[in-house]
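The structure appears right after this line, and notes come after that.
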Amino acid sequence: MSQNQLKIKWIDSTKSDIRKEMAALRRRLSPKGNIVSASGKQRTIEIFGAPLSPQEIVEKVCSEVAENGISALLDYSRRIDRAELSADQIRVPAEEFEKAHKTVESAFLDSVRNIRNNIAEFQTAILHHDVHLDRPGGWLKERYRPLRRVGICVPGGAAAYPSSLLMTAIPAQVAGVKEIAVMAPPTPNGSYNPYLLAACRELGITEVYRMGGAQGVAAFAYGVEGIARVDKIVGPGNLFVALAKRHVFGETDIDSIAGPSEVVVIVDESTRTDYTAYDMLAQAEHAPGASILIGWNENALKKAVEAIEREIDRIDRGPLARQSLEDYGAVILANDQEEACRLTDAIAPEHLHIATKNAEELADKISCAGAIFLGNYTPVALGDYAAGPSHVLPTSGTARFSSGLTCNDFLRANSILHFDQSGLKKLAPDVYQISSIEGLTAHRESVEMRTKD
């Protein structure tokens, strides 16, 4: 075994309990808030004076922001983010958007405009519209109206992420949301990043706050002096953002409780191994990120892993990608195509890339995936950055029951009913029957009294 050989886990479906193996992987990647590094524990003690768990930290931070408002937000920005900000420095001033817009390359702004158009076109095509249904003596309507105010989380730790802004704000704008507020941590990659601010300027977003983590989520959820509460919080973030979103749900709506990024790649003998290598590495470099390779041809799987080993040290985040692949990756040898599809459905991945010669056929057999990418020329990065669907997708197996973010997640539905007396009389017997069984006599009488001439 060479020193650089990738120590990725191999699973033979004929010899292993796949469900048990995948459940163990899910537990390690899910946002439960129980896993803390040694350095993280030490930092927690420095900030809070005790070795609190991430869940305990989130509960403490959120409750203090809810109770003490802007003073708690500023205090935690200082203690956690090491940012000395006053109340009037939290919001990014208008002149910074203009300066950033003039500073960044014109090619970047061109890409932002192209991507904005792609996202808007796709989201507009799938936007819900009011539905009207005539009934005897009346009519029914399902009416959609946009949320009033939305808060967007944009990460800003290891890198800048203008793509997260585009993939959340544009669907909200297509839905008709009038007030969009953005939070990004007070870091060079966050709310001080010229590319993020220039993208905001290009989208017409002027409300950006220098705050991050649980304290930022709490400020959006409860409202503090100078920051009005929002109706929904969307967008990615670290573990503390995910746990805080879960904590404030009910005070406000959220998109999801996201865990680390993940991909399942299905390959056969026709798949180009150099493409597969980067499909796996692209998720692993998120660090952590789960990359799972599935196939029924053992030789094809081995060649793909060899390609990963050749390429991994050529990428900037190679050491981090290697650790992710060894800690959270897997290569699964299935008996045949049918089993590969069943295993993928059981995993319910955030991203599914089917890079086989019959990709469309296999996609029809798989229901549970956040987004599906077909063929050798549709890498996940197309969806992450430019194609049109949002890259905010269900993780940690939640694609079994949830979907990716769309413009329709920013709409509220109202049902509207209208009947005249003839329509009331037609429905009345069924109301009498069920309300009497349930013992709700006032319900029955509210109908019966109206049917008397």
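Predicted model, so just to flag it, every value in this text is computed and none were measured.
Counted by atom type alone, E262 and H351 present zero donor-acceptor pairs between their side chains at under 3.5 Å. There is a side-chain donor-acceptor pair under 3.5 Å between S261 and Q283. Checking Y192 against E96 by side-chain atom types alone, no donor-acceptor pair falls below 3.5 Å.
Using a 4.5 Å heavy-atom threshold, the side chains of I292 and V265 count as separate. With a 4.5 Å cut-off on side-chain heavy atoms, L109 and E202 count as touching. Between I47 and T44, every side-chain heavy-atom pair lies at or beyond the 4.5 Å cut-off. Side-chain contact between C407 and I126 is present, with at least one heavy-atom pair separated by less than 4.5 Å.
With respect to E311 and R314, a salt bridge is recorded, a charged nitrogen being found less than 4.0 Å from a carboxylate O. Using a cutoff of 4.0 Å between basic side-chain nitrogens and carboxylate oxygens, E298 and K302 are scored as salt-bridged. Salt bridge status for R412 with D231: absent, with no side-chain N to carboxylate O gap under 4.0 Å. Remark: R229 engages E251 in a salt bridge, criterion side-chain N to carboxylate O under 4.0 Å. For the pair D130 and R145, the salt-bridge criterion is met [side-chain N within less than 4.0 Å of a carboxylate O]. Between R342 and D345 there is no salt bridge, since no side-chain nitrogen of the basic residue lies less than 4.0 Å from a carboxylate oxygen of the acidic one. Salt bridge annotation for D313-R322: present, with a cationic side-chain nitrogen under 4.0 angstrom from a carboxylate oxygen.
To the nearest 0.5 Å, the span separating CD on Q215 from OG on S77 amounts to 5.0 Å.
Cation-pi geometry between R246 and F249 is not met at under 6.0 angstrom from the ring centre and within 45 degrees of the axis.
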Cut-off 3.5 Å, no hydrogens considered: what does the side-chain donor-acceptor table look like for residues 176-187, sequence neighbours left out?
from, atom 1, to, atom 2, distance (Å)
E179, OE1, R149, NH1, 3.0
T187, OG1, G156, O, 2.5
T187, OG1, G190, N, 3.0

Side-chain donor-acceptor distances from residues 365-379 under 3.5 Å, at least two apart:
from, atom 1, to, atom 2, distance (Å)
K365, NZ, E338, OE2, 2.5
T378, OG1, L374, O, 2.7

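Considering every non-hydrogen atom in both A175 and L127, the closest pair reads CA-CD1, 4.1 Å.
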